Amino acid sequence: MRISDPKAIRALAHPLRLDLLELLTAAGPATAAHCGRVLEVSQASCSFHLRQLAKYGFVEDAGPGRDRRERAWQVPGPRREMRIAVDDSPDVGPALERIVVEREAQAILDHVGRRDAGSVNWRQKAGVMLREQWKALLAPYVARTEKDSADRLPGQRHVRYFMAATPLPAFESGDSGHESEH
């Protein structure tokens with residue numbers, strides 16, 4: 001999905017909205033109340049931001065919640081890749097890029113600070129496999145760079161590759177993740 005509408009890009013350029021998208025993508029449909037408990041923000045704030053995301057098609061109504069009084073929200077259809085057309089939106093595209101990069105950098109730093117047994121076990125299993133696949137993917141480019149380093153054309157530059165994989169937060173609220181029945 002290519003997003004070039006500055007208003008749609010601006011709708012994404014809010015940390016809570018990115019958190020809501022991440023939560024709904026990872027955990028499935030949820031009400032604003034559940035999102036608020038998990039993300040530790042108010043239900044009203046979640047409700048407002050979910051409606052803004054829905055306005056631009058990033059989330060959709062998933063029908064009533066368990067108690068039939070609240071609306072559940074979900075990410076539409078199968079998982080889809082979003083591409084922000086930064087060149088089409090020179091004012092808001094870079095702002096969204098900055099928010100996403102800062103958010104991901106903070107997730108990496110948070111993960112580095114949590115060196116518990118589960119973290120080490122996860123990194124050993126996922127990291128080795130991902131690292132080898134990443135190296136294989138980049139190998140032809142790295143080889144070409146090493147071979148052609150002296151023969152670079154004007155304007156060509158070396159590129160830095162960076163990969164980080166961190167587990168998503170546990171998306172359970174303090175009440176074991178179940179919607180209230182009353």
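Only a predicted model underlies this, so the values are computations on that prediction, with no experimental measurement involved.
- If you take CG on Leu24 and CG on Leu53, they are separated by 8.5 Å, rounding to the nearest 0.5 Å.
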Residue pair Phe58, Leu12: steps toward the side chain to side chain contact (heavy atoms under 4.5 Å, CB included) verdict: CA-CA 9 Å; Phe58 298 118; Leu12 285 176; 3.7 Å; yes
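- How far CD of Glu97 is from CD1 of Ile99: 11.0 Å, rounded to the nearest 0.5 Å.
- Residues passing the side chain to side chain contact (heavy atoms under 4.5 Å, CB included) test with Arg51 are Ser47, Phe48, Trp73, sequence neighbours excluded.
- The distance from atom CG of Leu23 to atom SG of Cys35, rounded to the nearest 0.5 Å, is 4.5 Å.
- Leu50 contributes atom CG, which lies 8.0 Å from atom CG of Leu16 (distance to the nearest 0.5 angstrom).
- Summarising the geometry, atom CZ belonging to Arg103 is positioned 12.0 Å from atom CD1 belonging to Ile108; distances are rounded to the nearest 0.5 Å.
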Name each donor-acceptor pair under 3.5 Å that joins a side chain in residues 38-45 to protein atoms two or more places apart or in another chain, with its distance.
unit_1	atom_1	unit_2	atom_2	d
Ser42	OG	Ser45	N	3.0
Gln43	NE2	Glu70	OE2	3.0

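- Between Pro140 and Ala136, the closest heavy-atom pair is CD-O, 3.7 Å.
- Taking SG from Cys46 and CZ from Arg17, the interatomic distance works out to 11.5 Å, rounded to the nearest 0.5 Å.
- Ion pairing between Arg71 and Glu60 fails under the 4.0 Å rule for side-chain N and carboxylate O.
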